[in-house]
Amino acid sequence: MFADCQVTLRELRTEFMSVRVRFAPSPTGQVHIGNIRAAIFNWLFARHEGGSFLLRIEDTDLERSTPEAIATLLEVMEWLGLAFDEKPPLYQTSQVQKHLAAAERLLAAGDAYRDAKGGGGEAIVFRIPFAAERIPGVSSVGTVDVPVHPEIPVQVNGKGVDYAGISKKGTPAPGGCCLAGCLDLQVLDAAEQVLFTLAGKEDAILRDGAEFSVPGAAILRFTRRVISYHDEVKGDMSKPLDSMRDVVIVRSDGSPVFHLANVVDDITQGITHIIRGDDHVENTFRHIMLFSCLGAVVPTYAHLPMIVNAAGKPYSKRDGDAFVGDFRDNGFVADALFNYLSLLGWSPGDDREKMSRQELTAAFSLSRVLHASAQMDIQKLTNLNGQYIAEMPADEFLAVSRDWLKRYPWVSAVSDSQLQAVCALMQSRVKRFADLEQWSYFFVDVPEYDEKVCVKQLKDPAVRAALQAISALFAALPDFAAAGIESAIQAACDQAGLAHGKLNQPLRAAVTGSGVGAGIYETVELLGRERSLARLKIALERY
RNA sequence: GUCUCCAUCGUCUAGUGGCCUAGGACACCGGGUUUUCAUCCCGGCAACAGGGGUUCGACUCCCCUUGGAGAUGCCA
């Protein structure tokens, strides 16, 4: 009858402690899209839960973690609206003494040892506890036999058990595991005679450094233990201890390794939920042990699927288009990128796609995060971006456009009213602000003529004659506005015996140099009489 | 080699044993609106990796195969 009332420690904690999550990037110059997606999911989760979203800068790689790289990171986060709590962020380099102290504590407790393997001095190695039952989630699953190659002696010592498995070809395949992986170990020969028994020797090995070498072994028989945890995204996860090795936590040069630094910092920051990339799943089993041995409560984990490139492979440094800054530089809107990225590996469960931050925050849950990796689709992002731009209030679009246009030399002397008119005319067809590059014909004296389009549109003598006539009509127009322009063009069509509309494209080619654009009457009005006439003349001379 | 994880249209996804002759979105193709383009509207193409089981019934549960990703002590 108490079964219903039982709550786990974790449930208690989620009940009474507020959620604290962190984004912990290493600033290495550019901010990767997969990385920032992890930040977005953390942010969404924290905001949904009413918890805190912390930033930790893992700047221990001194060569790559430059002040510029950190500035880039902060800038990108601000651009995307990923505000973090508890400023300033925690810089990992400021925590090194704490990391080292933790290593010393583990050493003192017998949960770590010094080892010179690998050269250069002694590293500190975290030992997977032989009494592994003190780690939450560890359990025995029964006795197993592992065949080993008789040619290679089985080595048993404080660092673990080394042996050679048997490959498909029958040759020795070197392997090994931590000592804790082989509880109740017995080494048997081919006739199942016991050559070595671990029972009773644990203290000698662990405390006194005893070592054993057992030749002629054929079978390792031991009690298999697994470590399990519940992943909020992936479900129940587990891994046999005999597939794990002890973990280096301090390098032989005295610097803390990621595993140690990361766990210690998570303890320092009081992190309750670790939401990070899929590539850390394997580390989680070791980190859980570190948390426990350091006397901390193990946080809740959630592992996000990766984002892969168009070839379906993980993004490498060569995939230059995967940086947040590149999207910004190509005229993507922060909200659109945020929206798109939040939909990569997650969905609200209904057909909604264009969602505001409030909607995303309200709908977000880790349990709806997908398990499989997702591929970035720039076309879909572009489409979404176009929707965001289309729905921008006119004054905002104007402001962003004005700012964006600063990068083009041809807009040096543009009046606000002219720009405003161009924006009003063009907003609906902009998908990315980089498209504004096509606007040059509104601002320069002589547009870039698209050779193919102009030749095609201006080759008909009847059309050319009609355009000449239009010039005269334009010149005579009392008021140079769209309505009058339209009538003038139609009049020219009537004179030349052409159907209405037949002159629109040739005229467009002549005054803009392009085959596409907004309505031609409005475009001509915006260009103004002087420019329109001049361009008609130039185009007819050239083509 | 071993260990861990993953697998629905080209892409992002819905789907938690019967609502699925598998839904939506992007892309693509066709048609309509429009002075071109874009927008907008209508329509079309297109997927449960393969094979076994369990079940009255499987995209959904189990197993195997194949394919992919990650890990395998001093990268993070």
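Fair warning: this is a prediction, and the values are worked out from it, not measured in the lab. Every chain is numbered from 1, with letters handed out A, B, ... down the list of sequences.
The separation of B:A46 from B:A22, taken at their C1' atoms, amounts to 12 Å, rounded to a whole angstrom. Here the separation of B:U39 from B:G32, taken at their C1' atoms, is 14 Å to the nearest Å.
Nearest to the side chain of A:K159, among B:A38, B:U35, B:G73, sits B:G73. Closest to the side chain of A:Q505, out of B:U36, B:U4, B:U35, is B:U36.
One finds no side-chain N or O of A:R352 lying less than 4.0 angstrom from the OP1 or OP2 phosphate oxygen of B:C12. Side-chain nitrogen and oxygen atoms of A:R368 include at least one within less than 4.0 Å of the OP1 or OP2 phosphate oxygen of B:G15. Taking side-chain N and O atoms only, A:R286 has no distance below 4.0 Å to OP1 or OP2 of B:G73.
Here B:U2 sits opposite B:A71 as a Watson-Crick or G-U wobble pair (both hydrogen-bonding atom distances under 3.5 Å). Remark: B:U21 base-pairs with no nucleotide; criterion is Watson-Crick or G-U wobble with both hydrogen-bond distances under 3.5 Å.
Judged by the 6.0 Å distance and 45° axis criteria, A:R225 is positioned over the aromatic ring of A:F130.
At whole-Å resolution of the value, CE in A:M237 and P in B:C3 are 15 Å apart. In this entry the distance linking NE2 of A:H500 with P of B:U35 reads 12 Å, nearest Å. The separation between A:E282 atom CD and B:U2 atom P is 15 Å, rounded to whole Å. As a whole-Å value, the separation of A:I520 CD1 from B:C37 P is 13 Å.
Within the structure, salt bridge (Lys or Arg N to Asp or Glu O under 4.0 Å) pairs that include any residue of residues 139-150 of chain A comprise A:D145-A:R221 (at least two apart or interchain).
Ring geometry for A:W346 against A:F364 counts as tilted: the plane angle lies between 30° and 60°, on a 0 to 90° scale.
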